[in-house]
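The block underneath contains the structure these notes are about, expressed in structure tokens.
Residue numbers start from 1 in every chain, and the chains themselves are labelled A, B, ... in the order their sequence lines are given, proteins ahead of strands.
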Amino acid sequence: MKLDVADRRLVMATQAGLPLVGQPYKAIAEQLDISAEEVMRRLAAMQAAGVLRRIGAVPNHYALGYRANGMTVWDVADAGVDELGERVGRLAFVSHCYRRPRHLPDWPYNLFAMVHGRDRAEVEAYRTELRAILGPACRAEDVLYSSGILKKTGLRIGG
Amino acid sequence: MELDEVDRRILNALQGGFPICARPYRVAAECLGLSERRLTARLKRLLKERVLTRFGPLYNADRMGGSNVLAAMAVPEADYENVATIVNARPEIAHNYRREHRLNMWFVGAGETPEAVEAAFRQIEAATGLVVYRFPKEREYFVELKLKL
């Protein structure tokens, strides 16, 4: 979806959150000098196009006790990776799941699944579950734990 | 902060599906058996206590016409801080994480075009003498949002 100027202003005005007032879309509309109907129409269009994934509460995993995040990576046979990737994505403990290119010989992994747990032992237990699901299609695996945030910025939009 | 039963109900029900209508908090509150005021007061507290990162739309940057590419480098420990400074100084770099692996620096390049992101990666390679491994998304698998509390 190609966003126009008004869409982009709406994204910038709402990406940090909705106002906690009775009529939040109207409050945003007033800020942007457009109508509440237009705000709702544009949000609905972005949602239909997948530009807006969802509206709601974005939990802080760390504050909720999910202190370990492991990027699990797997070398899965190309023939089965998409079907298995779909199954892995549906697991409750997986927050992101992607197929990405290998860089042989340094990096044989093509399936990336981000796993959250209260501690590393929980993440390791989830890895065991993933291993069982992937079965013989998986030839090698690893997990990369994060140990520091070096930079984090808000959403930037192109186009 | 200790979550009570009402907090949990709100968190489990409202990770998505917040309505687009004139009084969305009232509609959402009715589904939860709460008053509109009680729901907004609870959300205010959950945000203040940082249980929630935010409450509102979650956008998909990949669908906005721009380009986002995950990348990684194997940085010698002795140079780690210098390299982090060089990488972070580029405005195209949106996130950068240290991870425990030979590839120990993982970042996302974001720009209006794939060429702009690629140019940033090349400049990082030239400035650091290190290889930037590119991991563009080839496919995204559906994930439900389902943190259960």
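- If you measure heavy-atom distances from A/His96 to chain B, the contacts under 4.5 Å come from the backbone alone.
- When all heavy atoms of B/Pro57 and A/Leu18 are compared, the closest pair comes out as CD-CG, 4.0 Å.
- Per-residue counts of heavy-atom pairs under 4.5 Å with chain B were compared for A/Gln47, A/Gln23, A/Arg87; the largest is that of A/Gln23.
- Taking the side chain as every heavy atom from C-beta outward, A/Glu86 and B/Phe142 approach each other to under 4.5 Å.
- Atom CZ of B/Arg50 sits in a sparse spot, with 12 or fewer heavy atoms from other residues, nucleotides or ligands closer than 6.0 Å.
- Tracing side-chain contacts under 4.5 Å through hydrophobic residues (I, L, V, M, F, W, Y), one reaches A/Val143 starting from A/Leu84; they form part of the same cluster.
- Taken to the nearest 0.5 Å, the CZ atom of B/Arg134 stands 8.5 Å off from the NE2 atom of A/His103.
- Residues B/Asn60 and A/Val51 fail the side-chain proximity criterion, which asks for heavy atoms closer than 4.5 Å.
- Using a 4.5 Å cut-off on side-chain heavy atoms (C-beta onward), A/Ile149 and B/His95 make no contact.
- Closest heavy-atom contact between B/Arg99 and A/Ser146: NH1-N, 3.4 Å.
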Derivation of the side-chain contact (heavy atoms from CB on, under 4.5 Å) call for B/Leu3 and A/Leu64: CA-CA 9 Å; B/Leu3 301 181; A/Leu64 289 163; 3.7 Å; yes
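- Between chain B and the residues A/Leu43, A/Val21, A/Leu111, A/Asp82, the most heavy-atom pairs under 4.5 angstrom are made by A/Asp82.
- Taking A/Met46, A/Met71, A/His116, A/Arg41 one by one and counting their heavy-atom pairs under 4.5 Å with chain B, the maximum is reached by A/Met71.
- In this structure, chain B has no heavy atom under 4.5 Å from any part of A/Glu37.
- The contact between A/Tyr25 and chain B is made entirely by side chain atoms (from C-beta outward), counting heavy-atom distances below 4.5 Å.
- Distance check, rounded to the nearest 0.5 Å: OH of B/Tyr133 to CH2 of A/Trp107 gives 10.5 Å.
- Closest approach of A/Leu150 to B/Asn88, counting heavy atoms only: O-ND2, 3.0 Å.
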Test log, rule salt bridge (Lys or Arg N to Asp or Glu O under 4.0 Å), inputs A/Arg99 and B/Glu138: CA-CA 5 Å; A/Arg99 192 183 82 210; B/Glu138 292 178 336; 3.3 Å; yes
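- Atom CD of B/Glu125 has more than 12 neighbouring heavy atoms from other residues, nucleotides or ligands inside a 6.0 Å radius.
- Residues A/Thr14 and B/Tyr59 have side chains that bring a donor and an acceptor to within less than 3.5 angstrom of each other.
- Of the possible donor and acceptor atoms, none in the side chain of A/Lys151 sits under 3.5 Å from a partner among the backbone N and O of B/Ala94.
- When the shell of 6.0 Å around CG of B/Asp4 is examined, it contains more than 12 heavy atoms from other residues, nucleotides or ligands.
- Note that OH of B/Tyr97 and NZ of A/Lys152 are 3.5 Å apart. Values are rounded to the nearest 0.5 Å.
- Contact of B/Ile10 with chain A is not made at all, since no heavy-atom distance falls under 4.5 Å.
- Looking at B/Tyr25 and A/Leu20, their side chains come closer than 4.5 Å, going by heavy atoms from C-beta outward.
- With a 6.0 Å radius and a threshold of 12 heavy atoms from other residues, nucleotides or ligands, B/Arg122 has its CZ atom at or below the threshold.
- For B/Glu140, the parts lying under 4.5 angstrom from a heavy atom of chain A are both the backbone and the side chain.
- Contacts with chain A were tallied for B/Asn104, B/Leu58, B/Val87; B/Leu58 has the most, counting heavy-atom pairs under 4.5 Å.
- You'll find the side chain of B/Val51 stays beyond 4.5 Å of the side chain of A/Pro59, heavy atoms only.
- Judged by distance alone, with hydrogens and angles left aside, the side-chain atoms of B/Arg54 form a donor-acceptor pair with the main-chain N or O of A/Gln15 at under 3.5 Å.
- If you measure heavy-atom distances from A/Ala16 to chain B, the contacts under 4.5 Å come from the backbone alone.
- Note that the CE atom of B/Met64 and the CG atom of A/Asp7 stand 9.0 Å from one another [nearest 0.5 Å].
- Taking a 6.0 Å sphere around CD of A/Glu83, one finds it holds 12 or fewer heavy atoms contributed by other residues, nucleotides or ligands.
- The two residues A/Gly22 and B/Pro24 have their closest heavy-atom pair at O-CD, 4.0 Å.
- Between chain A and the options B/Thr113, B/Leu103, B/Leu70, the largest number of non-hydrogen pairs under 4.5 Å is found for B/Leu70.
- A/Val58 and A/Tyr66 are not part of a single hydrophobic cluster, where members link through side-chain heavy atoms under 4.5 Å apart.
- Atom CG of B/Leu46 is separated from atom CG of A/Asn60 by 11.0 Å, given to the nearest 0.5 angstrom.
- Taking hydrophobic clusters as Ile, Leu, Val, Met, Phe, Trp and Tyr residues chained together by side-chain heavy-atom distances below 4.5 Å, A/Leu144 shares a cluster with A/Met114.
- Counting only heavy atoms from C-beta outward, the side chains of A/Tyr145 and B/His101 never approach each other to under 4.5 Å.
- Neither the backbone nor the side chain of A/Ala113 comes within contact range of chain B; no heavy atoms are under 4.5 Å apart.
- Ring centroids of B/Phe135 and A/Phe112 are separated by less than 6.0 Å, placing the two rings close together.
- When B/Thr40, B/Leu47, B/Leu43, B/Ile20 are compared by the number of non-hydrogen pairs under 4.5 Å with chain A, B/Ile20 comes out ahead.
- B/Arg23 has its side chain out of reach of A/Lys26: every pair of non-hydrogen atoms, C-beta onward, lies at least 4.5 Å apart.
- Looking at B/Arg37, neither its backbone nor its side chain comes within 4.5 Å of chain A, counting heavy atoms on both sides.
- Hydrophobic clustering of Ile, Leu, Val, Met, Phe, Trp and Tyr side chains at less than 4.5 Å, counting indirect connections, keeps B/Leu14 apart from B/Val27.
- A single hydrophobic cluster is seen to contain both A/Leu130 and A/Val76, as judged by linkage of ILVMFWY side chains at heavy-atom distances under 4.5 Å, directly or through other members.
- When A/Gly50, A/Ala63, A/Gly70, A/Gly17 are compared by the number of non-hydrogen pairs under 4.5 Å with chain B, A/Gly50 comes out ahead.
- Two residues are said to be in side-chain contact when any heavy atoms from C-beta on lie closer than 4.5 Å; B/Thr53 and A/Tyr62 fail this criterion.
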